[in-house]
Structure formats: structure tokens, C-alpha cells
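Only one structure is covered here, and it is reproduced in the block below.
In what follows, every chain begins at residue 1, and chains take the letters A, B, ... in the order their sequences are listed.
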Amino acid sequence: MRGIARGRGLGATAVKAIAFGIGLITFVISLGLYTEFNADLATFQLGGTPIEWIPGGVSYHIGVDGISLWLVLLTTFLTSVCILAAWNSVEKGLSGFMMSLLALETGMLGVFCSLDLFLFFVFWESMLIPMYFLIGVWGGERRIYATVKFVLYTMAGSALMLVGILALYFQNGNSFDLTTLSGPFEHSDLLFLAFFIAFAIKVPLFPFHTWLPDAHVEAPTVGSVILAGVLLKMGTYGIIRFCLPLFPDAAEKFTPLIVTLAVIGIIYGALVAMVQPDLKKLVAYSSVSHLGFVVLGLFSKNPVGIQGSMLQMINHGLSTGALFLLVGMIYERRHSRMIVDFGGLSKRMPIFATIFMIVTLSSIGLPGLNGFVGEYMILAGSFVGQAFSKVYVVFATAGVILAAIYMLWMFQRVMFGTLDKTNENLPDLNAREIVVLLPILLFIVWIGVYPKPFLSKMEKSVAVVVTKVQTAPAMGQLEKQKLRDPKLALQGTLRTQHEKREKEAKQ
Amino acid sequence: MPIEINWQLLMPELVIALTLIIVLVFDLFDAISKTVLGWMTIVGAGIALWVSIQMHQAGTVGIQFNEMFKVDSFSLFFNIIFLVSTILVVLISMSYLDRGDRKQGPYYLLILLATLGMMLMAAGNELIVVFLGLELMSLSLYVLAGYFRESPASSEAGMKYLLLGAFASAFFLYGIALIYGGAGTTSIPAIAEAITAENKSPLLLAGMFLLVVGFGFKVAIVPFHQWAPDVYEGAPTTIAAFISAGPKAAGFAAFLRIFMEALPSLQVEWSGVLILLAMLTMTVGNVIAIAQTNIKRMLAYSSIAHAGYVLIGLAAANDDGISSAMLYLLIYCVMNIGAFGAVILAKTADGESLMISDYAGLGTRKPLLAIFMSVMLLSLAGFPPTAGFVGKFYIFKAAVGAGHIWLVIIGAINTAISAFYYLRVVVTMYMREPEEELEFSPYASTLVIGLILAVVGVLLIGILPSLMLTPAQNSVF
């Protein structure tokens, strides 16, 4: 699972080959996780027995469930793609670049697999350093500002999370083991916030998003892909793994606030993306908007909504990753990312234009492609879930329309119209670039047409989260509200039905 | 009353004293290369370290000299900290001193004397013995800070340190006197017995606060920290490394011993003060460090901030707090000496390059140096998987366990603040192009050995914390 390449003193090609080999091997091993994973069980699997690391409650305890499985696969997949994509674009310090990339992969996989809070935090923090170097050394002009901002934002958040983890440790019988953690906890509101703010910064949820456009614009292409594709998911993963199941009361309490922020993020991100003159910044702001959807779905606390969010996390990793790759490819040719510098590219670069079109449509949620399934499930789940007012869903749906506007408008300005003279000699994609993009396209279509293999693996694990998050308020507040609100009563029965089904499944 | 001396208990101290004499004698012969003296110091300190480790593992406990001198796991653990610091400092000193016709003998002699003083402080079971150790250590350090006589900055540093240090000693002594007035004894266990709930005389409280002031000066706690940046900047860099490491640990050793063992019944009074001082020290140290352009001054403020983290452990005042403070001091000594060592390694033809901006482009031009420096700075900033993270983690854990959530939140926020200025150096090394090409001197082998030891130590404790955590937990008195 963990590969750290050291390629000093070797030729450039050897370094790239070793890095790609390690990335690919990791991906193949992680595919084994998919086949070995038993989707009928909601437990953590395939982690082996925990090994005691530090006496006093810290162990090397790893494992995956239906939620982390997908993020692990996404990580290994995108890392391999990224190594291939960065083949010719790194001019200095190639071995350092590849080392950072693989160290980053180690950190990200660690975050998704850790079942020990200490271990989780160690990986969470250690992944900062390689990303810091990726942006800071190989980034654009304002890279230093961007990278320092990125690290400081994350560290500020994780400082609070560390306090939260320590407080949980003492309430968990002096153990950091995640699987033995069960509420209710004292000061759960504060603990929830301690975790949530760390994750919200990472997601990034409005108003913590300001580091994201800077980091994206300055990062090298591959850095942006990893950042958008996987790093942001660490935030949403944290929410679904810690915030929702551990502190259901607090999650219930803060739902209106968080959902408001998510919807603001959806619309704000879309509006800001619309006016961006820079392609990369446009994609960056579209991330803010898309991740708003994911958070919305998570807090719907409804199986459909959360599964939609999970799927949308993968979708966003694929679509936005592909968009960043495409922007990077055009930047390598033209050394500009300004929309005004382009126009009529479809005549010169038909393959590029076609792929760009598919990815754009996937990003705006065209039926038949992956984005649609995720967004539809999120919106449907939020609508029937009753966790928050339907008004939020209405506004969020407006975000879908806005996404179509800014993406298609961008596409039109870049691809159609008159071809500028300076762009007349731009070569179309070469074989390597097509190889980089094709697997992503494959998944984009696959998830869009037949998402069942993806959903079926996560169903049980999501159901566990849903049960946990619905139990606490159902016991307290919901009972009282039922008398007044017939719809809530209905939801209660839905839940009992769901539990019944689960029991049957177990038998 | 005849005093029976158990020589075995005194082995580490005796080895150091013996080395001291050998160095003193061999310094008389001009024919002997002066680096040999450095190696003698290292061997002596190494033997003492080995003996201390053996005694620590065997769980040796004993009281000597009319109950004035107490050897236990606590003092032995601190011996390990002091001796590790001394060895590292001597390793980074050898090439640093080796220029011109500078006399080297007294330098090693004074370092050994200071080490002996520290060991006395950690083992003192009697306020007067602690004071003796403190003075032995401080007087040696005053001379060392002004060791480069030809440099006005060094002389100024020595003078400043002497004056402020003398003040601090006076406060400390006055505190002892008042405690003697209140408790009728200066023996640490006897003081604990003499103080009861109903017998909390104002004399005792005044004495206790004077002790806090005295220690505050010695370990550079805000608001008693003003001397530190000036002294660190002016003193020879190796001595700045030394002052920031061992003596600070020694100060905390005596601090722990006196407050936890002699004054536990006054905990209500002192814990609030310590919490306040910890918050102030961390915040002021870190915030001012951001503004520094000279790396030695930056490290000076950073070392002030680190004293604040240790204070969190003291404020927690439980077994976890004590052991985590001890672990932190050990880790801090290694990484701080390592950071100063990296500064020495960045030597140019016309002296040291101390401005942070001089480090631009080191990442590609001097990769080894840049890696050393980065590991040390990342550890100081508390990133996993370095020892600095483990140290902070256990300090915070102890404080959360003691219920000081707010203190931990402030500490955690400070960690984020500190990342800013530590990372700025890393940024300069790897991400900025140099404005002028500085000619860096070739590496000295002893210095590189010292740095490799520090890097290995920092990473080893970072990955396998139980190596040092368990001994620290077993060393709580």
C-alpha cells in the first residue's frame, strides 16, 4: 500500500518509470481491495489485526469500509494518472517531484484507511508537507503565497481537531481506536465544531474557501488534480466518518447553519466562476460549488442523499481532475490560461475539443454522464430527507443551472468562434495525453450509465452512518415533533422499515 | 556524623568531574591538538551517558550527603538529556572553534562544568544544592557567552547575560530565604511536610513567587525573557545552542522537583500562575518570532515559545504532565541543537550567514544542509512524523487529561502560528532564488556527524515514540 520512491542519481526516464510503476502497482493492489471487499458487511475490512504502536491506546489500525474503499481507489487511480500526466511537464527536480507525489499518496491513503484517531491525525498532517512542496517548488508565480496560505489554513483547522481528538481519547476509555468510539460524548457540540471546522476548511465550505483558488491557480497541473480530486475529499470524508456518526445531536443542531453555508457555497462558487477570465480559476471556483453539493447531501442524513454525496465525491474527482488536466495540457501548448486568448480551438484540436466537451457535460450533470447521477441523488435525497427545509434544495438546484451557464459559456468562448492567429499551430493531443484521459472518460460514462456497482459496495456502510445519525435526534426531538408533523412520523416509519430490511439482510 | 558515600550513585557526576580534570591537564600541553580535547569531552560525556542509562534502566534510587543529593529515575532521565545535549553541542562546536589561534581548552572545560552544574540541579534534594548547581552552571555560561573576546557582540552578550542572570539568581536566593522563613527548612521533602493547609504563611507564597521569577529568568519565560534574543544573537552560535538546550532543561528539572515535590500543597496558588505564564510565553514567543529576519533571533524567540509548551505540562501537574514535559525537553534539546547546528553548517567565507534571506536557493545548492535544516524546523513546528509532533501531542494530551482545554486550544493555535515562521525558512531554502551567490564553506565532518545524530534522533522518536516515552513515564518521582 505504501510506496515511497527514491530516485536520486538515476536518469529522468528511470525516475519516471519507477514512480509510475509504483503508482500503478499501488493501483492494482487497491483494485484487489475492490474484489476482496465484502459489500454485505458494513464493518471495516481487510485491515489485518491492529498492531500496537505506542503503549497507551495508539495502534496501527487500518481497514476500509464501503465509504473509504472508493476514496482509496480514487486516490490510487488519480495518482497513477497524475504521474503519467506529469511525464514531460516537470523541468527541475524531477525525483523530488515524484517523491512528493508518492509521499502525498501515502498520506492520503493513510487518512482514508486509518481507524485510529492518532494515526489519522498523523497522516492528515504529514500529507501537508509534500503538498506544500508541490505547490511551493513547482508552482506558478505567486506559489509561495498560495502554499503558505494553504498550509496555515489547514494547520489552524487541524490544531482544533487535535484538541477534539484528545478530548475524545479520554472519553473513549483512554483509547484512540475509532471502532470502539461510541457516543454520546460530553460537550458534543464543541467536539463537533472542533472536527467540523477542520474538515470545512479542507472541503472547503464557504467562507473557508479562500485558500482554494490561490492554491489551485498556483499549483502545477498535477497538484491541482490531486488537490481537487482527493485532498478536498478528505474534508467530506472526515464529515461522514467523524462528524455525523459520532455527534448526531450536534450535527442535528448545526444542520441549518451548515446547509445554509453549503447552499451559499454552491451559488457563490458558481457566480464567481462565471466571471473568471482564467480557466483554472474558473474550475477552482466550480469546485467550491460542487463540494457545496456534497456537503448538502451529507447533511440530508438520508441514505439516498449520502450515497449521492459519496458518488459525487468520486465524480468530482474524475471530472474536475480531468478538467484540470485539460487546462494543463492547453497551458503547456499556449502558456496562457486566459479565456480571451483562445477561441475556435475545436477546428485546430478536434480530439481535445471532444474530450473537453464530454468532461464539461459531465461536470454540469448531463444525464448519461456521472455528474447527473450524483447531483440527482443529492437533490432527491435532500428533498425527501426532511433534514432541512426544501427551500435549500430549490436554491441548490439553481446551482445546477448556473453550472451549465458558466461551463458552457466557457466552452463556447474557448472552442468556437474565430481562431486566433497565435493559436493556429497548436498541436492536438498526443498519444500519452489521450492515454491519460481515456480511463477517466471510461469511468465518467460508466458511472453515468450504470452506477450500481459503485453504489452497491457503499450501501451498507452508508446505511450504518444513516442509522447512527438518525438515532439520536429520533429518540429525543423527533418523538416530540411527530405529534405535530405527520411527515416526520412518516420518516420514523421509513426508518423502522429500513432497520427491518437491514435485520433481514443480516439474517 | 560520619558520611557514608555510595560512590556508585555518583558515577555520572564523577565521570564528568574526572573528564573535566583530564581536559584541564591536557590543555596545558601545547603539543596536543586541541580537537583531541573535544573528543575527550565527548568520550567522557558518552561514558557518563552510558552509565546514566544503565542506572536508569536498573531503577537506581538513593540519597546521599545528609539527604541533600537524590539520585532517582527523574534525575537520571535529566542526566540523559543534559549529556545528550552536551555531546551534540561539542560535536557541532569542534569545527566552529577551529579557526585562528582561539584557545579551545577552557571552552570544553566550561561546558563540562556547566553540565556538572545541571546534573547537580536535577539531583538536588535541598534548595541550597539546587542553587549551587544553578550558579555553577550559570557562571560557566556567562563566560561561554562572552567567549569570543574579539567580537563585541559576544562580549556584550556575556555581560548582559551576567547582569540579568545575577538578578535572577538573587531573586531565586531571596525566594529560598523566604521559604526557609516560612517552612523552617530548605530540604525539599521537609518543606512538603512543613506546609499544611492551615500553615500557608504569606512568606511561603512570596518565596514561591520569587522562585517562579528566578526560574522564569533562567528558562526565559515571558515576561522574563528579554535577555534571551540578545544573548543568543551575540553569543557564539554553539553556545546559543547550548544555552537554549541543557540549561533550560536543568531549569525545568529544578522547577519540577521543587514545585511538584516541595510545594504540592500550594498547587492552587501556582497552577493558575503557570497557566497564565504558559499562554503568555507561547503567544509572545511565537508572534515576535514571525517578525525576525535573523535566524538566531528567530530561534531565540522560538525557544521562548517552546518553554511555554513545557509549561503546559507543568501546569497540568499530573504524572502525565511531568513525563510529557520531560519527554518534550529531551526532544526539544535534540531538535534545537540540530537547528543551530544547521545554522553553523551554513557558513560562508566571511563568517556565518545569519540572515534568513541568505538561505535562498540552498535547497538546490546545498541539498544536505537544506534537508538537515528542514527536518529540524519541521520538527520544531510539530509536523508528524518527527519527534516534535510526538512531544507536543503528549504535552497537550496531559493538559486535556487535567482539564485545561483552553490552555491546549491556545497551545494548538500557537503551533499553527509557529508553522508560519518555521516554514518561511523552508520556503526561502527551496522556493526562492538567491539574490547574490554566497560562497558556502565545505562541510566539517564532525558537524555533519552531530547533525546526522540529531536527524536520526528526531525521526526515530517521531516514528517510535515509546522508545523515550516509556522511560519518561517511568521517571516520574
Side-chain angles (χ1 to χ4, degrees), chain A residues 8 52-58 92-93 96 103 106-107 110 118-129 132-133 135-139 143-171 174 176 187 190-191 194 198, chain B residues 320 323 363-364 367 370-371 374-375 377-378 381-386 389-390 392-424 426-432 461-470 473:
Chain A
R8 209 157 260 294
E52 189 178 57
W53 180 16
I54 308 165
V58 182
K92 51 166 187 180
T106 311
F118 182 89
L119 196 62
F120 174 82
F121 190 78
V122 166
F123 282 123
W124 177 273
E125 287 276 279
S126 60
M127 146 256 113
L128 274 180
I129 303 289
Y132 167 75
F133 280 110
I135 302 178
V137 178
W138 291 278
R143 58 182 192 271
I144 294 175
Y145 169 77
T147 195
V148 170
K149 194 171 178 182
F150 162 72
V151 170
L152 289 185
Y153 263 67
T154 315
M155 277 208 78
S158 49
L160 293 176
M161 183 164 72
L162 177 62
V163 181
I165 287 178
L166 287 170
L168 274 184
Y169 167 83
F170 288 103
Q171 294 188 31
N174 291 359
F176 288 107
H187 311 296
L190 290 176
L191 283 172
Chain B
D320 267 0
S323 66
T364 45
I371 287 175
S374 304
V375 172
L377 291 176
L378 291 177
F383 279 99
T386 60
F389 168 71
V390 172
K392 282 211 183 82
F393 185 83
Y394 279 97
I395 290 258
F396 290 164
K397 187 179 142 197
V400 170
H404 300 309
I405 296 270
W406 281 106
L407 185 56
V408 176
I409 290 178
I410 292 193
I413 292 172
N414 264 290
T415 307
I417 297 176
S418 73
F420 178 73
Y421 61 86
Y422 291 125
L423 286 181
R424 197 175 51 188
V426 182
V427 162
T428 313
M429 288 192 300
Y430 284 96
M431 305 170 196
R432 285 194 202 282
I461 301 179
I463 293 165
L464 296 170
S466 41
L467 278 184
M468 289 321 298
L469 180 69
T470 323
Q473 280 168 340

Go through the atoms of [X] and report whether side chain, backbone, both or neither lie under 4.5 Å from a heavy atom of chain B.
X: A/Leu128; answer: side chain
X: A/Val137; answer: both
X: A/Tyr132; answer: both

Practice task
Would you please indicate if the ring centroids of B/Phe393 and A/Phe176 are separated by under 6.0 Å?
Solution key: yes
Practice task
Output the option from A/Leu152, A/Val58, A/Thr154 having the highest count of non-hydrogen pairs under 4.5 Å with chain B.
Solution key: A/Leu152
Completion exercise
Counting heavy-atom pairs under 4.5 angstrom with chain B, the leader among A/Ser126, A/Ala167, A/Ala156 is A/Ser126
Handout entry: Where B/Ala419 and A/Met155 come nearest, the two heavy atoms and their spacing
Key =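 Closest pair (atom of B/Ala419, atom of A/Met155, distance): CB-SD, 3.3 Å.
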Practice task
Identify the heavy atoms of A/Glu125 and B/Phe383 that sit nearest to each other, and give their distance.
Solution key: O-CD2, 4.1 Å
Exercise for the section: May I ask you to list the residues in residues 398-405 of chain B that approach chain A closer than 4.5 angstrom, counting heavy atoms only, ordered by number? Expected result: B/Val400, B/Gly401, B/Ile405
Exercise for the section: Could you tell me which of B/Ile409, B/Asn414, B/Leu469, B/Ile413 has the largest number of non-hydrogen atom pairs under 4.5 Å with chain A? Expected result: B/Ile409
Problem - Pick from B/Val426, B/Thr415, B/Ile417, B/Thr386 with the largest number of heavy-atom pairs that fall under 4.5 Å of chain A - result: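 Most heavy-atom pairs under 4.5 Å with chain A: B/Val426.
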Problem - Rounded distance (nearest 0.5 Å) linking atom CD1 of A/Ile144 with atom OG1 of B/Thr428 - result: 7.5 Å
Exercise for the section: Mind telling me whether B/Phe389 and A/Phe121 have parallel, tilted or perpendicular rings, with 30° and 60° as the class edges? Expected result: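 A/Phe121 and B/Phe389: parallel rings.
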Practice task
Please step through side chain to side chain contact (heavy atoms under 4.5 Å, CB included) for the pair A/Thr147 and B/Met431, ending with a clear verdict.
Solution key: CA-CA 10 Å; A/Thr147 195; B/Met431 305 170 196; 4.2 Å; yes
